[in-house]
Structure formats: structure tokens, C-alpha cells
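Because the structure is a prediction, the values reported are computed rather than measured. In what follows, every heavy atom counts, from backbone to side chain, and hydrogens, waters and symmetry copies are set aside.
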Number of protein chains: 2
Amino acid sequence: MKLSTKGRYGVKAMFEVALRYGEEPVSIKTISERQNISEYYLEQLFAPLRKAGLINSIRGAQGGYVLSKPPGEITVADILNVLEGPIEISECIDDEVTCARTGYCATRLLWIKIRDSVNQVIESITLQDMIDDYNEIKNNLKKGE
Amino acid sequence: MKLSTKGRYGVKAMFEVALRYGEEPVSIKTISERQNISEYYLEQLFAPLRKAGLINSIRGAQGGYVLSKPPGEITVADILNVLEGPIEISECIDDEVTCARTGYCATRLLWIKIRDSVNQVIESITLQDMIDDYNEIKNNLKKGE
DNA sequence: GTAAATCCTACTAAATTACTCTGAAATGAG
DNA sequence: CTCATTTCAGAGTAATTTAGTAGGATTTAC
């Protein structure tokens with residue numbers, strides 16, 4: 001079970017934008033260089049993020065992207081929902097038809113538990129939390145720990 | 001984020017075998033009919049499960065598969081590890097190289113939290129738990145709830 | 001002996017992933 | 001005004017993965 005690059009790159013990219021919240025817009029080129037991701041590919045990820053209202057774009061020279069809300073109000077779940085769709089460990093959770101055949105679906109409850117567990121984590125972590133973690137790691141490294 | 005059919009079918013199939021623990025072996029044909037999964041495909045799933053020591057096979061007529069241990073000693077994680085490999089939300093967790101480039105990997109901690117959360121769920125649920133849940137659902141239905 | 005079953009290996013069609021590319025449109029700086 | 005910079009939109013594509021099919025060999029209860 002793995003996230004696709006869409007989700008992984010998307011979160012990394014949003015993190016870069018979040019780091020500069022309140023400052024100048026961040027261009028795809030900048031993110032591409034900092035995170036070592038293809039510009040073309042990043043473009044494709046930002047389109048749906050913008051349409052979903054998580055970021056605003058500023059076109060033209062010196063343009064780029066800015067968060068539409070403070071980093072504390074954007075969760076990892078918000079990002080992953082846009083880029084990967086909602087977490088569904090198995091379509092069996094929604095689709096009653098296939099399960100109905102065998103009477104009671106034995107595994108349905110299991111998939112729900114896994115899904116809820118993932119959702120709880122990603123809904124509780126905001127971009128601000130990631131920034132805080134990041135700063136803490138940096139500080140600890142400075143102190144030589 | 002979704003499980004492949006390997007994982008989903010595999011857990012369903014193992015559940016069917018677990019339901020008959022202590023009784024006769026369960027054939028692939030039986031599981032195929034009960035869970036509506038291709039026999040050929042099921043065969044492919046049972047090979048690694050057997051090699052991993054989760055089930056024993058009994059060849060020949062009236063043969064089939066039996067759990068190698070009581071249902072309470074086989075977790076969902078055991079099954080998924082064999083069929084899907086270990087949960088790794090991002091290879092970034094193990095592979096230090098790519099992360100090292102950008103200094104401190106900002107998302108690494110996030111992937112670890114998600115992975116640990118999933119692992120905690122699937123390691124804590126055994127086939128016996130699933131059987132218990134299943135019986136409870138059946139009982140509740142009988143009582144007309 | 002025969003039917004029922006596992007075992008083993010190879011093959012393949014379809015879908016998904018992970019990009020790549022081209023060109024248009026907007027905009028700030030000089 | 002012009003030009004470099006940047007987003008925007010959509011098409012194309014190679015590689016990988018998924019999900020299943022298939023064929024034949026081997027084992028064993030009856």
C-alpha cells in the first residue's frame with residue numbers, strides 16, 4: 001500500500017508554498033529545484049489544487065502560488081483528497097452489491113477500520129504542524145543532538 | 001490509496017479458511033464460489049501464503065488448505081505483508097538518499113505517522129477477531145436489529 | 001483407475017502511473 | 001512596447017502494475 005507520486009509530490013509542494021506563507025508567491029520552478037521534481041509534472045498537480053481552492057495563483061513574471069488560507073487551516077487530508085481522491089481501502093465499503101452476495105461481508109469492517117485510522121491521522125495534521133516539526137528538527141540539529 | 005485485489009481477496013480467502021479451522025480442509029473451488037473470485041487467481045494468492053507458512057496444503061482429492069496456526073495467531077498484517085509487501089506510504093521512509101538532498105525531509109515524519117497508524121490497526125486484528133465480528137453481525141441480524 | 005485437488009510457470013490485456021511536450025495567455029520589469 | 005517569466009490547458013506516451021487466463025504436471029482419496 002503506497003501513495004502515488006501525485007500525493008507525495010503534492011504534499012511536498014504544498015509544504016514549500018506553506019513555508020513562504022505571507023511572503024512572495026512561490027513559483028513552480030522554485031519548488032521543482034528545491035524538491036527535485038519535474039516542472040511539467042508539478043504543473044499538473046497545481047491545477048487541481050487551485051481548482052479545489054487550496055492555493056491561489058498569480059500569473060505573469062514574478063508570479064507563482066500562495067496558500068489561500070493559513071497553513072494551520074489546511075490539512076494533509078485536504079491535499080490528498082484532491083490529488084488521490086478519498087481514501088478507500090476497498091470499494092467494498094461503499095458498494096453494497098458485491099458484498100450482498102455472500103450474505104454479510106466479513107472484511108467490510110476491517111477496511112473501515114483501516115480507512116478511519118488513516119483519515120484520523122491525515123485530518124489531524126496541518127501544514128502548520130509540518131512546519132513546526134520541520135523547525136524543531138532544524139533546531140535540534142543546530143544544537144548538535 | 002487503495003489495497004490491490006491481492007490483498008483484498010487474500011484476506012477474504014484466509015477468512016474463509018479460518019471459518020473452518022479444525023474441520024476439513026477448504027478447497028480453492030469452495031472459496032472461489034463463496035467469494036466470487038477466479039479460481040486461477042486464487043491459486044496464485046495461496047502459493048505465497050503457503051510459502052510464508054500461514055497455511056498448509058493437503059493435495060489430492062478432498063484436499064485443500066488449512067490454517068497452520070489458530071485464527072487468533074494470524075493477523076491481517078501477516079496476510080498483507082505476504083501479498084502486498086510491507087506498508088510503505090513512501091519509499092522516502094527507508095531511502096535516505098533522495099531526502100538528504102534537500103537537507104531535512106519535511107514529509108518523512110508524516111509518512112511514518114500514517115504507516116504506523118495503519119500497521120497498528122492491521123497488526124492488532126486477527127482472523128479470530130474477524131470471525132467474532134462476523135458472528136456478532138449474524139446474531140444481531142437474527143434478533144432483527 | 002479416476003476424479004478432485006494442489007502446484008508451477010508462463011502469458012496477456014487493460015489500466016494506471018509518471019511523466020513529457022506544445023502552445024497559448026497573462027503580467028511585471030525595463 | 002517588448003520581452004522574459006510565469007501560469008494555464010490539454011494532448012501524447014513509455015513503463016509499470018494489476019488482474020486475470022491458461023496449460024499441464026503432480027498428488028491422493030475413493
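Applying the ring-ring contact (aromatic ring centres under 6.0 Å, His included) test to B/Y40 and every residue at least two apart in sequence or in another chain returns nothing. A search for side-chain hydrogen bond (donor to acceptor under 3.5 Å, both in side chains) contacts involving B/D78 returns B/T75, not counting sequence neighbours. For the side-chain hydrogen bond (donor to acceptor under 3.5 Å, both in side chains) test, no residue two or more places apart in sequence or in another chain qualifies with B/S38. When the ring-ring contact (aromatic ring centres under 6.0 Å, His included) test is applied to B/Y21, no partner is found at least two apart in sequence or on another chain. Partners of B/F15 under the ring-ring contact (aromatic ring centres under 6.0 Å, His included) rule, at least two apart in sequence or in another chain, are B/Y134. For B/K113, the salt bridge (Lys or Arg N to Asp or Glu O under 4.0 Å) criterion is met by A/D133, not counting sequence neighbours. With sequence neighbours excluded, the residues satisfying side chain to side chain contact (heavy atoms under 4.5 Å, CB included) with B/E39 are B/I28, B/K29, B/S32.
Sorted by first and then second residue, the side-chain hydrogen bond (donor to acceptor under 3.5 Å, both in side chains) pairs involving residues 120-129 of chain A (not counting sequence neighbours) are A/T126-A/D129, A/Q128-A/D132.
Put simply, chain A comes within 4.0 Å of DNA chain C, heavy atom to any atom, from C/dA18 to C/dA29, going 5' to 3'. When DNA chain D is scanned in the 5' to 3' direction for atoms under 4.0 Å from non-hydrogen atoms of chain A, the outermost contacting nucleotides are D/dT5 to D/dA11.
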Output side-chain donor-acceptor pairs under 3.5 Å for residues 43-70 of chain A, partner residues at least two apart or in another chain, one line each.
from: A/S68; atom 1: OG; to: A/G53; atom 2: O; distance (Å): 2.6
from: A/S68; atom 1: OG; to: A/L54; atom 2: O; distance (Å): 3.0

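In this structure, a donor-acceptor pair under 3.5 Å is absent between the side chains of B/T30 and B/E16.
Within residues 50-62 of chain A, the residues that place at least one heavy atom under 4.0 Å from DNA chain C are, in residue-number order, A/R59, A/G60, A/A61, A/Q62.
Each of A/T5 and B/E43 was assigned the nucleotide of DNA chain C with the nearest heavy atom; the assignment lying further toward the 5' end belongs to B/E43. Annotation: of the two residues near DNA chain D, A/G63 and A/Y40, the 5′-most nearest-nucleotide partner is A/G63.
Contact annotation for B/F46: no contact, since no heavy-atom pair falls under 4.0 Å across all strands.
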